[in-house]
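Reading through the structure tokens given below for one structure.
The figures here come from the full heavy-atom set of this structure, side chains too, leaving out hydrogens, waters and symmetry mates. Remember, it's 1-based here, ligands and their atoms both numbered in the order they're listed.
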Amino acid sequence: MAEEKRRVGVIGAGMGGVCAALWLQRDGHRVFLVDPANPGEGASFGNAGCFNGSSVTPTAMPGVVKQVPRWLMDPVGPLALRWSYLPSILPYLVRFVRSATPGKVRAQARAMRPLVGPTVPLVRELAKMAGAEELVHQRGHLYVYRSAESLAKDAFAWALRRENGVEIDEFDADELRQLEPVLSRDYVRGLLVRENGHTSNPLGLVTRLFELFRRQGGEIVAARALGFRLDGRQLTAISTDQGDVAADAAVVSAGAYSKPLATVLGDKVPLETERGYHLMIRDPEVMPRIPTADADGKFVATPMDTGLRFAGTVELAGLDAPPDWRRSQILLAQGRRMLPGLAAQHAEERISVWMGHRPAMPDSLPVIGPSQSSPDVIYAFGHGHVGMTAAPMTGKIVADLLAGRPAPIDIAPFAAARFG
Ligand SMILES: Cc1cc2nc3c(=O)[nH]c(=O)nc-3n(C[C@H](O)[C@H](O)[C@H](O)COP(=O)(O)OP(=O)(O)OC[C@H]3O[C@@H](n4cnc5c(N)ncnc54)[C@H](O)[C@@H]3O)c2cc1C
């Protein structure tokens, strides 16, 4: 137990904020969440639900620059850019490309493995505390390829996973058929990571964790955090659009919206949004049993309690642009190619679509650690494509830092100051 019991405000009630809040309560702190929206309705709502301890590879891999023009030219490709947004995102893209050297990527993967590796046992522990064990499954994660050439393109990514202790089972076309009979016969290779897990209801999981937080005496302040009141380096309150809320410690976990909260504390972080989409089919004709990623299409098909979810792809267009729902329809077309047993048409009421903001950093490493202005304010944002996966360990780190204990893993690579 921590020596000093504090009043801690956690900004953002997504998976990140709620996990941090629970670990902080376990240390005996009085904890409140600050969020103008309902818990779990940000990026934590519509993701693919995967808890992939194997997710150590950054988005910016060596050779990515060569692939980007092809992706951008392809109207059904995995990457889209609103050209009007290019001037705003250019500095981020420059950093993104610079971080894609083999040496930096190896270091990023080494830094990520301890953050994401223990995800399944940790999320199970939290789900058990909340009585929500039935929402967490461990069936592995399957990556499927249409050709040996496309698998060869990912060779470095698979080598990085292996170097970091991830065990991988490979399947040829026949074995793949036995493993997941609903998949298209166009897939010729499959790689299964058995350690990975998923939730069959991301919003349900965050909601159940939040309900536990409430049962344990946690409060929710329905407000937008705007900044901090400091007395020297000591935090006295979180400023919100509803007035100041007294706090002697704070956690910034507002996902893609965290940047202004770091800026007011003197930390300039190149946080961006990598927008992603999902499309769900209620009562689908077929569903894979294991969450399955189409490696070329860069989307995942996840079996969920409420139907089949296709989620993924990246759109660079900032926080304010309206969704481009054609991106979801692309997922549907690709999903039907992946699972030929799906009907060619679905009634409109069986389809739902969503767009959300991944809180992305150019080097694919989150920002975790104390702010420059005050050790009382801890950052916990920027987890990009792996924010569900990394949330349980990130929350543990936050609790350790606020208790004055050493972090359980090396957090130096996640420092806000790494961008100078
Ligand atoms: C299509 C897609 C698929 C994905 N698939 C996966 C996956 O399979 N596995 C995985 O690990 N990750 C996945 N991700 C990434 C993952 O969803 C995110 O990284 C994660 O949900 C981020 O959680 P968070 O709590 O940091 O942010 P969010 O869930 O976005 O929560 C942030 C919260 O902060 C609140 N907020 C914002 N500004 C303020 C403010 N000023 N004051 C107070 N509150 C504020 C918001 O209302 C929101 O509730 C996917 C993302 C997308 C888009």
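The pair E125-K396 does not count as a salt bridge, with every side-chain nitrogen at least 4.0 angstrom from each carboxylate oxygen. Taking a cutoff of 4.0 Å between a charged side-chain nitrogen and a carboxylate oxygen, E170 and R162 qualify as a salt bridge. Ion pairing between a basic and an acidic side chain is recognised when a charged N comes within 4.0 Å of a carboxylate O; R161 and E195 show no such pairing. A salt bridge links E315 to R82: one of the charged nitrogens lies within less than 4.0 Å of a carboxylate oxygen. Between R358 and E272, none of the side-chain N atoms (NZ, or NE/NH1/NH2) sits under 4.0 Å from a carboxylate O, so this pair counts as no salt bridge. Salt bridge annotation for D248-K5: absent, with no cationic side-chain nitrogen under 4.0 angstrom from a carboxylate oxygen. Salt bridge present: R146 and D294 bring a charged side-chain N and a carboxylate O closer than 4.0 Å. A salt bridge links E285 to R350: one of the charged nitrogens lies within less than 4.0 Å of a carboxylate oxygen. Ion pair D363/K104 not flagged as a salt bridge, since none of the NZ, NE, NH1 or NH2 atoms sits closer than 4.0 Å to an Asp/Glu carboxylate oxygen.
Considering only non-hydrogen protein atoms, atom 15 (C) of ligand 1 sits nearest to G384 O, 3.1 Å. Of the protein's non-hydrogen atoms, the one nearest atom 38 (N) of ligand 1 is Y257 CB, 3.3 Å. For atom 53 (C) of ligand 1, the closest non-hydrogen atom of the protein is R358 CG, 3.5 Å. Here the protein heavy atom with the shortest distance to atom 25 (O) of ligand 1 is G16 N, 3.0 Å. The protein non-hydrogen atom at the shortest distance from atom 41 (N) of ligand 1 is A225 O, 3.0 Å. For atom 29 (O) of ligand 1, the closest heavy atom belonging to the protein is S44 OG, 2.5 Å. With hydrogens left out, the protein atom closest to atom 12 (N) of ligand 1 is H385 O, 2.9 Å, a heavy atom. The nearest protein atom to atom 49 (O) of ligand 1, hydrogens excluded, is given as D35 OD2, 2.6 Å; this is a heavy-atom distance.
Below 3.5 Å of separation, one finds an N or O of G387 facing an N or O of ligand 1. Not a single N or O atom of A311, backbone or side chain, sits closer than 3.5 Å to an N or O atom of ligand 1.
The option with the heavy atom closest to atom 34 (O) of ligand 1, from among P291, G12, A48, G9, is G12. Comparing heavy-atom distances from atom 6 (C) of ligand 1 across N38, N47, V10 singles out N47 as nearest. Taking only non-hydrogen atoms, the option from G40, A43, A223, G227 nearest to atom 28 (P) of ligand 1 is A43.
Heavy-atom contacts of A37 reach the following atoms of ligand 1: 47 (O) (cutoff under 4.0 Å). Within ligand 1, counting atoms from 1 as listed, the ones closer than 4.0 Å to a heavy atom of C50 are 7 (C), 8 (O), 9 (N), 10 (C), 11 (O). Taking every non-hydrogen atom of R224 and a distance limit under 4.0 Å, the qualifying atoms of ligand 1 come out as 38 (N), 39 (C), 40 (C), 41 (N), 42 (N). Close approach to G42 involves these atoms of ligand 1, each under 4.0 Å from a residue heavy atom: 29 (O), 30 (O). The atoms of ligand 1 that sit less than 4.0 Å from any heavy atom of P36 are 43 (C), 44 (N), 45 (C). Close contacts between ligand 1 and V386 involve ligand atoms 10 (C), 11 (O), 12 (N) [criterion: under 4.0 Å to a heavy atom]. For ligand 1 and P359, the ligand atoms under 4.0 Å from any heavy atom of the residue are 19 (O). Ligand 1 places these atoms under 4.0 Å from at least one heavy atom of Y277: 1 (C).
Counting heavy atoms under 4.0 Å from ligand 1, residue M388 touches it through both backbone and side chain.
Each of R6, R233, R7 was scored for a salt bridge (charged side-chain N to carboxylate O under 4.0 Å, His left out) with D376, with one residue passing: R6.
Between F45 and H278, the two ring planes are parallel [angle under 30°; tilted spans 30° to 60°].
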Begin with the C-alpha distance, continue with both residues' side-chain angles, and end with the deciding distance and a verdict on ring-ring contact (aromatic ring centres under 6.0 Å, His included) for H141 and Y143. CA-CA 7 Å; H141 191 91; Y143 299 78; 4.7 Å; yes

Before you tell me yes or no, could you show the steps for Y145 and D296 under side-chain hydrogen bond (donor to acceptor under 3.5 Å, both in side chains), namely the whole-Å CA-CA distance, both residues' side-chain angles and the distance that decides it to 0.1 Å? CA-CA 7 Å; Y145 290 86; D296 291 324; over 6 Å; no

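For CG of D320, the number of neighbouring non-hydrogen atoms (other residues, nucleotides, ligands) closer than 6.0 Å is 12 at most.
Within the structure, ligand 1 lacks H278 among the residues with a heavy atom less than 4.0 angstrom away.
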